[in-house]
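Notes follow once the structure below has been shown.
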2 protein chains.
Amino acid sequence: MSLRNALFALLVVEPMTGYDLHKQFVSSVGHVWHAPDSQIYPELKRMESEGLLEGEEIPWGSRGKKRQYHVTEEGKAAFRNWMDTPLEYARTRDPAHLKAAYMEWADPDAARAQLRAHIEHHTGLLGQWREKVKEIEDGSSAMLNRRLANSPKADREKINAYKVYTYEGLMSQAEAEIIWARRGLKLIDRLNG
Amino acid sequence: MSLRNALFALLVVEPMTGYDLHKQFVSSVGHVWHAPDSQIYPELKRMESEGLLEGEEIPWGSRGKKRQYHVTEEGKAAFRNWMDTPLEYARTRDPAHLKAAYMEWADPDAARAQLRAHIEHHTGLLGQWREKVKEIEDGSSAMLNRRLANSPKADREKINAYKVYTYEGLMSQAEAEIIWARRGLKLIDRLNG
DNA sequence: CACCACTAACTATGTCGATAGGTAGTTTGC
DNA sequence: GCAAACTACCTATCGACATAGTTAGTGGTG
């Protein structure tokens with residue numbers, strides 16, 4: 001159900017094609033919800049058939065065409081409804097911590113490599129997110145600027161603030177992972193004297 | 001593939017039935033990897049057919065019977081191989097942060113309720129994990145004691161240390177989420193002052 | 001004008017996981 | 001002595017995701 005609402009979040013800003021949405025899933029929303037295009041296209045059709053979206057054929061070049069979707073009132077209501085409904089929490093499935101719990105089975109060097117990869121992975125994410133926050137703060141994000149332009153003035157501060165707030169949350173997750181993995185490296189050293 | 005390795009992690013300690021494993025997935029391993037019994041039973045069969053496990057019919061009561069699985073050498077090799085192979089990181093799918101990113105669409109009170117639920121959820125987990133760490137530290141966990149008894153003396157310190165280390169990682173994740181959600185509550189107040 | 005990257009959309013297959021059942025025997029407690 | 005709870009195992013269905021394709025038109029570069 002979250003894919004659907006990620007699509008809503010993008011489409012309430014401005015009408016888009018499946019391909020446009022797909023690109024957003026690579027960059028912006030992709031940071032909190034990833035989806036391949038093979039999931040996006042069928043979901044758009046389903047949403048249209050349920051009356052939550054409306055698609056419009058628009059020409060592209062001389063012979064080409066594309067389908068642009070916009071959110072109906074019913075769709076907006078569904079999105080707001082999801083926003084106002086508390087989440088159900090999925091039970092954990094965390095391969096990195098699963099592995100860590102049984103690390104005595106690993107070769108110490110492989111375990112070190114694993115933790116170093118964990119650090120690298122989260123350092124990479126951290127870098128990306130810092131960039132994103134910077135973009136928001138100095139207003140250089142095209143998507144966000146369109147979103148701000150299409151929104152009532154009163155909402156603009158909120159839109160920025162919640163975006164930054166979200167990225168800060170992701171960043172503190174990543175920082176926690178990095179600290180944890182560094183402690184793990186020390187632990188491996190200690191246990192393998 | 002992680003379900004398979006979670007099963008290995010339990011079965012290398014001692015032979016178990018599907019039902020025993022299922023119970024472990026509710027309590028111990030379930031904290032890092034959840035699985036319903038409807039996934040466990042077929043996976044055990046698959047692993048047996050691949051020669052990674054061997055099942056043995058043992059009587060239970062007068063007419064009942066159960067199937068106890070133990071890991072073959074091939075299975076142990078497969079587990080060690082997984083332990084020594086770096087993880088591939090799945091792209092994020094985080095409904096809580098997805099929602100937070102578009103919180104201007106929510107009713108402020110609903111958003112507050114959401115964040116309070118987030119705090120409660122993670123506070124609950126934190127409590128469970130603190131308990132688990134205590135159990136490990138004062139040696140009152142039955143499963144862990146069997147595992148320690150079946151392990152070479154040299155490994156016992158490692159087994160305990162990696163378990164505690166894992167729970168500490170989970171705990172710092174939960175703490176980060178709680179801090180983030182508290183900041184969110186303040187932010188909502190400020191923006192809707 | 002050929003080439004290539006990009007835009008646009010879609011399909012097909014397989015696994016994973018959630019959910020919700022069903023059957024049969026066993027043990028415990030009142 | 002029987003109901004309830006637990007042990008044990010299994011199936012069936014559905015949606016979510018990953019992966020890997022296919023087809024067709026567009027726009028820019030050498």
Side-chain angles (χ1 to χ4, degrees), chain A residues 1-7 10-11 15-27 29-30 32-50 53 55-69 82 87-95 98, chain B residues 1-7 10-11 15-27 29-30 32-50 53 55-69 82 87-95 98:
Chain A
M1 272 303 94
S2 286
L3 169 59
R4 171 166 297 200
N5 291 290
L7 293 170
L10 293 169
L11 288 173
M16 287 192 200
T17 67
Y19 191 76
D20 293 334
L21 288 159
H22 158 66
K23 279 188 291 180
Q24 292 300 317
F25 273 84
V26 175
S27 55
V29 220
V32 284
W33 199 268
H34 168 263
D37 62 341
S38 62
Q39 239 189 309
I40 294 170
Y41 288 112
E43 183 65 23
L44 288 171
K45 283 195 172 173
R46 227 171 296 137
M47 289 164 84
E48 187 173 17
S49 77
E50 290 174 36
L53 297 183
E56 191 190 355
E57 203 101 296
I58 57 173
W60 165 59
S62 53
R63 272 177 304 166
K65 54 184 178 168
K66 53 185 181 176
R67 191 163 187 83
Q68 199 173 53
Y69 292 93
W82 178 74
L87 276 178
E88 279 166 52
Y89 287 87
R91 273 145 297 186
T92 36
R93 244 176 218 113
D94 184 335
L98 172 59
Chain B
M1 273 303 96
S2 285
L3 169 59
R4 171 165 297 202
N5 291 290
L7 293 170
L10 293 169
L11 288 173
M16 286 191 200
T17 68
Y19 191 74
D20 293 333
L21 287 160
H22 158 67
K23 278 189 291 179
Q24 292 300 316
F25 272 84
V26 175
S27 55
V29 219
V32 284
W33 198 267
H34 168 264
D37 62 339
S38 62
Q39 239 189 309
I40 293 171
Y41 288 111
E43 183 65 22
L44 289 171
K45 282 195 173 173
R46 228 171 295 137
M47 289 164 84
E48 188 175 14
S49 77
E50 291 175 35
L53 298 183
E56 191 190 354
E57 202 102 295
I58 56 173
W60 166 57
S62 54
R63 273 176 304 165
K65 53 185 177 167
K66 54 186 182 175
R67 193 166 186 80
Q68 199 174 51
Y69 293 93
W82 179 73
L87 276 177
E88 279 167 52
Y89 287 85
R91 273 145 299 186
T92 35
R93 240 172 222 117
D94 184 335
L98 171 60

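Listed candidates were C:dT26, C:dA12, D:dT11. Nearest to the side chain of A:Ser38 is C:dA12. Proximity note for B:Lys45 (side chain, C-beta onward) versus C:dA9, D:dT11, D:dA18: the nearest is D:dT11. Closest to the A:Arg67 side chain, of the nucleotides C:dA9, C:dA18, C:dA8, is C:dA9. Picking from C:dT19, C:dC10, D:dA8 the nucleotide with the shortest atom distance to the side chain of A:Tyr41 gives C:dC10. Comparing D:dG25, C:dT19, D:dC9 against the side chain of A:Trp60 picks out D:dG25 as the nearest. The listed nucleotides are D:dA8, C:dT7, D:dA18; the one nearest the side chain of A:Tyr19 is C:dT7. Taking every side-chain heavy atom of A:Asp20 into account, C:dA8 is the closest of D:dA16, D:dA18, C:dA8. Candidate nucleotides D:dA8, D:dC10, C:dT7 were compared by shortest atom distance to the side chain of B:Thr17, and D:dA8 ranks first.
At least one donor-acceptor pair under 3.5 Å links the side chain of A:Arg93 to the backbone N or O of B:His34. A donor-acceptor pair under 3.5 Å links the side-chain atoms of B:Asp20 to the main chain of B:Thr17, judged by distance alone.
The interatomic distance linking A:Lys65 (NZ) with D:dT26 (C1') rounds to 16 Å, in whole Å. As rounded to whole Å, 16 Å separates atom P of C:dT7 from atom CD of A:Gln68. Distance CZ (B:Arg46) to P (C:dC16): 6 Å, rounded to an integer number of Å. Atom CD of B:Glu50 is separated from atom P of C:dT15 by 11 Å (rounded to the nearest Å). Counting to the nearest Å, the P atom of D:dC10 and the CG atom of B:Leu21 are 13 Å from each other. Atom CD in A:Gln39 sits roughly 15 Å away from atom C1' in D:dA20 (whole-Å rounding). Going from atom CZ of B:Phe25 over to atom C1' of C:dG17 covers 13 Å, rounded to whole Å. Rounded to an integer number of Å, the gap from B:Met1 CE to C:dG14 C1' is 12 Å.
When the shell of 6.0 Å around CD of B:Glu57 is examined, it contains more than 12 heavy atoms from other residues, nucleotides or ligands.
Counting non-hydrogen atoms under 4.0 angstrom, A:Arg4 reaches nothing in the nucleic acid. Among the heavy atoms of the strands lying under 4.0 Å from B:His34 are primed sugar atoms or P, OP1, OP2 only; no base atom is included.
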Report task. Could you please spell out the steps behind the salt bridge (charged side-chain N to carboxylate O under 4.0 Å, His left out) verdict for B:Arg67 and B:Glu48? Result -> CA-CA 12 Å; B:Arg67 193 166 186 80; B:Glu48 188 175 14; 3.0 Å; yes
Query raised in the report: Should B:Glu50 and B:Arg4 be marked as a salt bridge (charged side-chain N to carboxylate O under 4.0 Å, His left out) after you check the CA-CA gap, both sets of side-chain angles, and the distance that decides it?
Result: CA-CA 12 Å; B:Glu50 291 175 35; B:Arg4 171 165 297 202; 2.9 Å; yes
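Both A:Arg63 and A:Trp33 sit near DNA chain D, but only A:Trp33 has its closest nucleotide nearer the 5' end. Nearest-nucleotide assignment on DNA chain D puts the 5′-proximal partner with B:Asp37, out of B:Asp37 and B:Arg93. Looking at which nucleotide of DNA chain C each of A:Glu88 and B:Glu43 is closest to, the 5′-most match is held by B:Glu43.
B:Leu3 is listed as a side-chain neighbour of B:Phe25, based on a closest heavy-atom distance under 4.5 Å.
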